[in-house]
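What follows is a short report on a single structure.
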There are 4 protein chains.
Amino acid sequence: MKYHRESGEDDNRSKREQILDAAYQIFSQKGYHRATIDEIIALADTGKGTVYNYFVNKEQLFYTLIREKSAPFEAALAELIQSPEPPLVKVEAVIKLFLRFYVRNADLWRVMMHEMRGFGSQGESNLKPEQREKYRDWFRQSIGMLEKVLHEGIAQGVIRECDVTKSAYGLFSVIVMMVFQKLVGDDIDGTAKSIADIFLYGVARQ
Amino acid sequence: MKYHRESGEDDNRSKREQILDAAYQIFSQKGYHRATIDEIIALADTGKGTVYNYFVNKEQLFYTLIREKSAPFEAALAELIQSPEPPLVKVEAVIKLFLRFYVRNADLWRVMMHEMRGFGSQGESNLKPEQREKYRDWFRQSIGMLEKVLHEGIAQGVIRECDVTKSAYGLFSVIVMMVFQKLVGDDIDGTAKSIADIFLYGVARQ
Amino acid sequence: MKYHRESGEDDNRSKREQILDAAYQIFSQKGYHRATIDEIIALADTGKGTVYNYFVNKEQLFYTLIREKSAPFEAALAELIQSPEPPLVKVEAVIKLFLRFYVRNADLWRVMMHEMRGFGSQGESNLKPEQREKYRDWFRQSIGMLEKVLHEGIAQGVIRECDVTKSAYGLFSVIVMMVFQKLVGDDIDGTAKSIADIFLYGVARQ
Amino acid sequence: MKYHRESGEDDNRSKREQILDAAYQIFSQKGYHRATIDEIIALADTGKGTVYNYFVNKEQLFYTLIREKSAPFEAALAELIQSPEPPLVKVEAVIKLFLRFYVRNADLWRVMMHEMRGFGSQGESNLKPEQREKYRDWFRQSIGMLEKVLHEGIAQGVIRECDVTKSAYGLFSVIVMMVFQKLVGDDIDGTAKSIADIFLYGVARQ
DNA sequence: CATGAATGAGTATTCATTCAT
DNA sequence: GATGAATGAATACTCATTCAT
């Protein structure tokens, strides 16, 4: 069942990873639709059938990519949320974490966000509703983390009573926009600080 | 060979508009890729060749749509910006205007935003760089309006010195997110007020 | 809507017919599965899309073929059945008619019969059950015609009481077998006569 | 690298049989084309390579199946033919034997018959002409057995002089049709009797 | 100008077969 | 012998675009 390659070739686990790596690049560059399996296998240096040995179809390949890339991020986020830092500090730390993740995966996530909510309500999308729901869940979970911090802040009296959901979405959208518009640059920490600053204290002169 | 038209001009313009209206609906529902010319002409009740008489190709049809739909909005925005209202009031008014426009055109704009920056650097995309740049320009112009208001506020001392570009993008992203996530509801004015509130004064308890 | 070609090219109605003719040949030679659209268009000297303008898919192309080829035969058969000939004469005439039709269309019908009842009960066949049912109906109708003659014969006392359905199927199968095994030769009338002879009077020496 | 087998021979034969059994089921259910090696090995609980150790390819697997399944039937048929029964009795006995065999193997034989003559003259078929000829031979042999009985009957004066080949094919076709159209039911003996009856004495009232 | 028949490049997916272990 | 990961040729179908009428 398993052919152990002690190393040498290092190509056993590779095939699957080669494909995922190639898919990552192509999907990021071209978006879901314009990415073709042919391009992916060319880059992965493998046969077409091999892709279908590991992934049931193009969509599931895409989904797997999303899932595997985001897993470490999700873990780090969950851990951070549960840390005992004061909420206002946590806000900035969370922003930093998001920025780092999205900067690294900007292109793929752009694609994912588009596919996620797809095309209105109609539903003729390639993405089966079931699959799309999974994307949405992943997304909501991230927002949910932000909401948690805000709730904590309100409970501790350092954040004013406000619509937590809307605020969380707002903060999230700002982070994403900074990344997608390439307004972040190398100074992720600085960017995080200024996002936190405006989010917490507003732009108006007090 | 000869098609007699009672009122050449009038009917002529009509065909074009029929196509644009149909295209608007189909693009909004299906997104750029899944929208087909066949669907559009079925809805527009016209022939396939006619589309290509008025628009050089699918992409340019899409672009024209964007341009024509946004023209009135742009005008209204420009006027508002130049009005003599105090900046903090203007901020809220601008948000309101944006919200109204995006709520009305949510689906088409979702599509447009995706296509806009689209596909990284590659260039094999359908969208020629030149075309894509036009999208971006339109976009930047909107953001530019927001920046103007902020500058005005800073000049008048009611807004603190901050990175105006980033702030404008941030505000813009929040507006868009509220619309796309359907967090607006029917109460556009209320939503605008609370967005402005947080944007200006932050979420932190003072 | 219609572009009248007075003649000259004679290619307007042609396109569809060209495709049908080509499909007829290819399906006959290769069977349903091994026939490819590419071969068909090569023979029809047309583009791939054209096929899909006229026929929704490969299966429906096949079905249309069957339908159009059999229509004249069905009409002739129905007429014959209603003629006032004595039953024993009719039996021979019907056999003749069947033979002529199947000899002419042997290959296509071989394919059709295979697809018709398909593959046991499972149903993973390409042919959607609905479509397959249509094939079956066509088939049953033909058998039904034979049954009618037998009933008539029984009513008139020239055919003995027997299981009409089984007998009709039996007669039908003999006809088909003669054709498919190329036991007919050019002497269709002679073959019909001897089939009728054995069917009516058996092989046993009285 | 080394797979210890307790009883090489025994297990060896087993693998082969497992594959044949599985192939029998799958081919019967799906037909030759839609049957996949993957399904077969899944059912046979063996590896894909193993199939190719025992059979050179899919087609030869199919052929072997036909050959091995029909061997006992052929033997029984040959024996019956040589028995000293009177011809008219033999005819019925032969029909019974055929019915029993085909009822048991209806689905596989349906497939086989289609593949047998398959694809006209072209030759691009998977089935090499040589292979196809073998199918045909098997088939002709069965018919030949029927012919023998008829000849015997003619020699003994109980069957009238007729085209023996055509009659044999006719009888054969009736048997097969009864099976494929599921007109047999559980009463094989009764069905055999009535087939024999009509075949020998015809449907006409004497 | 309006039309729609014709077109073919482009794509996801299947599956028999090979061969290194 | 047994295995199954890797492979790629083969194939149905889509849809933007053209051009003759």
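In the text below, chain A, chain B and the rest are named by the order of the sequence lines, each starting its count at 1.
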*asked:* Main chain of C/Q60, side chain of C/N57: is a donor-acceptor contact present, judged purely on distance under 3.5 Å?
replied: yes
*Once you round it to whole Å, what is the distance between C1' of F/dA12 and CZ of C/R34?*
17 Å
*Starting from the 5' end of DNA chain E, give me the residue, A/D38 or C/V51, whose nearest nucleotide shows up first.*
C/V51
*Should the pair D/F62 and D/Y32 be assigned to parallel (<30°), tilted (30 to 60°) or perpendicular (>60°) ring geometry?*
perpendicular
*How long is the line joining CZ of B/F55 and P of F/dA16, in whole Å?*
15 Å
*Let me know the distance between CD1 of A/I40 and C1' of E/dT11, rounded to the nearest Å.*
12 Å
_Distance-minimising heavy-atom pair for B/S28 and B/D107_ = O-CB, 3.4 Å
_Without decimals, in angstroms, what is the distance between C/Q60 CD and F/dA12 P?_
16 Å
_Can you measure D/I41 atom CD1 to F/dT3 atom C1' for me and round it to whole angstrom units?_
9 Å
*Classify the nucleic acid contact of D/T50 as base, sugar-phosphate or nothing, counting any heavy atom under 4.0 Å across all strands shown.*
base
*Per C/I37 side chain, nearest of listed nucleotides F/dA12, F/dA6, E/dT7*: F/dA12
*Would you indicate which nucleotide in F/dC13, F/dA16, E/dA12 comes nearest to any side-chain atom of A/K48?*
E/dA12
*Flag the pair A/R34 and A/E39 as a salt bridge only when some basic side-chain nitrogen lies within less than 4.0 angstrom of an acidic carboxylate oxygen.*
no
*Could you please name the partner base of E/dC19, counting Watson-Crick and G-U wobble pairs only when both distances are under 3.5 Å?*
F/dG4
*Nucleotide forming a Watson-Crick or wobble pair with F/dA12, both distances under 3.5 Å*: E/dT11
_Side-chain donor/acceptor contact of D/K58 with base of E/dT17 under 3.5 Å_ = no
_Please compare A/T36 and C/T46 by the position of their nearest nucleotide in DNA chain E and report the one closer to 5'._
C/T46
_Both conditions, 6.0 Å and 45 degrees, for the charged tip of A/K15 above the ring of A/Y54: are they met here?_
no
*Using heavy atoms to find the nearest nucleotide of DNA chain F for A/G47 and B/G49 separately, return the residue whose nucleotide is more 5′.*
A/G47
*Using whole Å, report how far OH of B/Y32 lies from C1' of F/dC15.*
12 Å
*Can you tell me how far P of F/dC15 sits from OH of C/Y52, to the nearest Å?*
13 Å
*What is the distance, rounded to the nearest whole Å, between atom OH of A/Y54 and atom C1' of F/dT7?*
12 Å
_By the 4.0 Å heavy-atom rule, please label D/A35 as base, sugar-phosphate, or nothing._
sugar-phosphate
*Does the F/dA6 base have a donor-acceptor partner in the side chain of A/N53 within less than 3.5 Å?*
yes
